[in-house]
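Quick note on labels: first sequence line is chain A, next is B, and so on, each numbered from 1. In this text the structure is predicted, and so the values were computed from the model without any measurement.
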2 protein chains.
Amino acid sequence: MTIDDVARAAGVSRQTVSRALNDKGEIDASTKQRVLDTAHELGYRPSRFARGLVRQDSISVGLMIPDLLNPFFTEVAAAALEAARKRGWHVVVYDTGDRVEEERGTLEVIASQVDAVVGYLSLPEDEIDKLIRGLPAVLIDREHRAERYNAIRIDGEAGVHAAIRHLADAGHHRIAMLDHAARSEPSIRHHWFATAMAACGLEPVAVSRADQSLEGGEHALRELLAEHPDVTAVFTFNDIIAIGALRAARRLGRRVPRDLAVIGFDGLQLGTLVEPALTTVALDTRELGALTIEQAGRLLARSGPLSHDEAAVKAELRLRESA
Amino acid sequence: MTIDDVARAAGVSRQTVSRALNDKGEIDASTKQRVLDTAHELGYRPSRFARGLVRQDSISVGLMIPDLLNPFFTEVAAAALEAARKRGWHVVVYDTGDRVEEERGTLEVIASQVDAVVGYLSLPEDEIDKLIRGLPAVLIDREHRAERYNAIRIDGEAGVHAAIRHLADAGHHRIAMLDHAARSEPSIRHHWFATAMAACGLEPVAVSRADQSLEGGEHALRELLAEHPDVTAVFTFNDIIAIGALRAARRLGRRVPRDLAVIGFDGLQLGTLVEPALTTVALDTRELGALTIEQAGRLLARSGPLSHDEAAVKAELRLRESA
DNA sequence: TTGAAAGCGGTACCAT
DNA sequence: ATGGTACCGCTTTCAA
């Protein structure tokens, strides 16, 4: 079913069909109506590829998200969508379910579908290279693993320092961290935590690892407190883990923040919803999304990319109730 | 920058370039390498449109979501993405921010970008008609407003009946509902509520309207209880409103479920997270997503669409702690 | 107002 | 192993 079929059925040339469909002038009203009618009867739809080929507009970017149901990634995705819409871009979203095979498969197929890829990728850089073959890419939060690709960094150093300082000022000196358990190396957030502790003249009581889920946080806090009952404050890799910890604390009968102070990382809206509201080192996810899209735009336009400093979003301490 | 530029630069024909890029056989290894190198130097990327034009594969659907940050829609989106990925489809996501203006603008531009649209649309059908001009569309949860389009319904009748029956059996007879405030007409969920109440021989104490937000639910419950202090149970339009109500109840010093029973609708994961966990009439969002994509597939294949009964997902009472 | 022809940027088929 | 040519389905330019 092509434009020619419609033309034939309506007894006109295909240019006339094109005119009718695209609301161009220079066409008799009755002809137009007749063409429109036959097109409708035939159930004709113009090929988006043929159209795109000739009108060189419309940009679409692929957005890679590890798990859309994780509220943090939901916020990032929403922010990226918003920034893209302002430019009239289309965003093709892929949820890789945190599986590298899915990442691979998606990247393999993505190259012929979008003009750029943005988002979270856990594959090593050389493998990404092979898969996307020059497709412009903007990776988010690669921590120390972003060498060759343009990445948007999350700079939580000052925020974490402020958080630890806040705990220290409140008299806490038995402080622990719940880091994530995904990769074998400690996270960069842990690094910030360690230097912040040192700057306050404090020694971490312990650093446990938690799955990035409510249950993960709950479980990890229970274990932590079992081993170190004297801990009075915890800093966590992210808000999800922190909220799990909050729940564990409540079930253990520890009152937050009186018996145990909890500080998360991310600044999720979800944190305002729990009781007590979560104190956290907050990220501006909308800025993160905007920067990501901005960087993609620069790559596509081949104008200079954002500098190392510009390509970062700073996180800052947001005091609520849990610390 | 086209395939011809690369061919010229490498001193070969464009077919040879095509072979090199697509890993076809029948090409000298050294030639291939030379072509690949020049392509890389030139920063050449094949046009996805030209490619799509000749290889007629790859389907992409537009997914319209009113507000991705609303956890319910996040779940639906994730479910649709999952179902689409199983078929190898690409999903272009549009967050309309609950504004009809955005809906219009998106639909207008979408027709030349995707093979089908699915999701939530609040525009009236005749306006949708004009905008998408025959693009296959699957609307979700149009309640009673879906006449001509294929829609996936949410059938909560039995679930709501079970919920009200549960309340009645627990001795509640002062029951109210917090409906949504979006449209002027009462929701179909309200209709189910009303018939369920009647079936139990009960008379609703009141039906208030709430914005679909935590604050909306909180506010609405306060007003409701101010006017009708004798209410002992509420059924809400959705879980978000219910969670807001939960918060209001706690702040008013009403213990849930002892002083006030609360039942929501949707079955959000979020509801397991609040304290007490929310009893709700739960929807299988994954099934909803799967059905939506399935229906889109049938429309594209021009095979028969799902029947009225098949195109529905049933909601059922999920007892947790709040009632 | 309408139609013929020339692309848009690729891939596939058939020679060479 | 490589190149010539047709063609994918549509829009734009130019004549008629």
Side-chain angles (χ1 to χ4, degrees), chain A residues 1-40 42-60 109-115 133-135 300, chain B residues 1-40 42-60 109-115 133-135 300:
Chain A
M1 172 60 48
T2 78
I3 196 173
D4 287 297
D5 298 317
V6 179
R8 210 167 303 127
V12 296
S13 71
R14 56 190 200 167
Q15 300 68 5
T16 302
V17 176
S18 177
R19 283 182 190 110
L21 262 44
N22 296 295
D23 264 327
K24 302 273 177 183
E26 306 183 332
I27 182 174
D28 187 90
S30 66
T31 317
K32 178 170 175 178
Q33 195 52 53
R34 183 160 42 95
V35 170
L36 254 29
D37 289 347
T38 55
H40 186 256
L42 266 43
Y44 165 75
R45 307 237 69 240
S47 147
R48 61 195 161 98
F49 294 115
R51 267 215 174 136
L53 190 52
V54 56
R55 337 201 267 238
Q56 303 273 153
D57 46 6
S58 110
I59 289 181
S60 60
V109 87
I110 217 174
S112 50
Q113 290 292 328
V114 298
D115 302 299
R133 289 174 168 272
L135 185 70
L300 286 171
Chain B
M1 172 59 50
T2 78
I3 196 173
D4 287 298
D5 298 317
V6 179
R8 212 168 302 127
V12 296
S13 72
R14 55 190 199 166
Q15 300 68 4
T16 303
V17 176
S18 178
R19 284 184 191 110
L21 262 44
N22 295 296
D23 264 327
K24 300 275 177 185
E26 306 183 332
I27 183 172
D28 188 89
S30 66
T31 317
K32 178 170 174 178
Q33 195 52 55
R34 182 160 42 94
V35 171
L36 253 29
D37 289 347
T38 54
H40 187 256
L42 266 44
Y44 164 75
R45 308 236 69 242
S47 149
R48 60 195 163 98
F49 294 115
R51 272 216 170 135
L53 190 53
V54 57
R55 340 200 264 235
Q56 302 274 151
D57 46 4
S58 107
I59 289 180
S60 61
V109 87
I110 217 174
S112 50
Q113 290 292 329
V114 297
D115 302 299
R133 290 175 168 271
L135 186 69
L300 287 171

Contact class for [X] vs. all strands (heavy atom < 4.0 Å): base, sugar-phosphate, or nothing?
X       : value
A:Asn22 : sugar-phosphate
B:Arg48 : nothing
A:Lys24 : sugar-phosphate
B:Leu53 : base

For this session: Between D:dA1, C:dG9, D:dT11, spot the one nearest the side chain of B:Glu26, thanks.
Result: D:dA1
Problem set entry | DNA chain D contacts made by residues 5-20 of chain A, counting heavy atoms under 4.0 Å | A:Arg14, A:Gln15, A:Ser18
For [X] and [Y], work out which heavy atoms get closest and say how close.
X       : Y       : answer
B:Ala7  : B:Ser13 : CB-C, 3.7 Å
B:Leu36 : B:Leu21 : CD1-CD1, 3.6 Å
A:Val12 : A:Val17 : CG2-CG2, 3.8 Å

Give, for atom [atom1] of [X] and atom [atom2] of [Y], the distance between the pair rounded to the nearest 0.5 Å.
X       : Y        : atom1 : atom2 : answer
B:Arg51 : A:Gln113 : CZ    : CD    : 10.5 Å
B:Arg19 : B:Lys32  : CZ    : NZ    : 12.0 Å
A:Thr16 : A:Glu26  : OG1   : CD    : 10.5 Å
B:Ile3  : B:Arg45  : CD1   : CZ    : 13.0 Å
A:Leu42 : A:Arg8   : CG    : CZ    : 10.5 Å

Problem set entry | Any residue meeting side chain to side chain donor-acceptor pair (under 3.5 Å) with A:Arg14, in chain and number order, not counting sequence neighbours | A:Asp4
For this session: Output yes when at least one side-chain N/O atom of A:Arg51 is less than 4.0 Å from OP1 or OP2 of D:dT11, else no.
Result: yes
Exercise. Can a side chain N or O of B:Thr31 be found less than 4.0 Å away from OP1 or OP2 on D:dT2?
Worked result: yes
Spacing between [X] atom [atom1] and [N] atom [atom2], to the nearest angstrom:
X       : N      : atom1 : atom2 : answer
B:Arg45 : C:dG10 : CZ    : C1'   : 14 Å
A:Ile3  : D:dT11 : CD1   : C1'   : 8 Å
A:Arg34 : C:dT2  : CZ    : C1'   : 11 Å
B:Phe49 : D:dC7  : CZ    : P     : 25 Å
A:Asp4  : C:dA4  : CG    : C1'   : 13 Å

Exercise. If you fit an axis to the five pairs at each end of the helix from C:dT1-D:dA16 to C:dT16-D:dA1, how big is the angle between those two axes, to 10 degrees?
Worked result: 40°
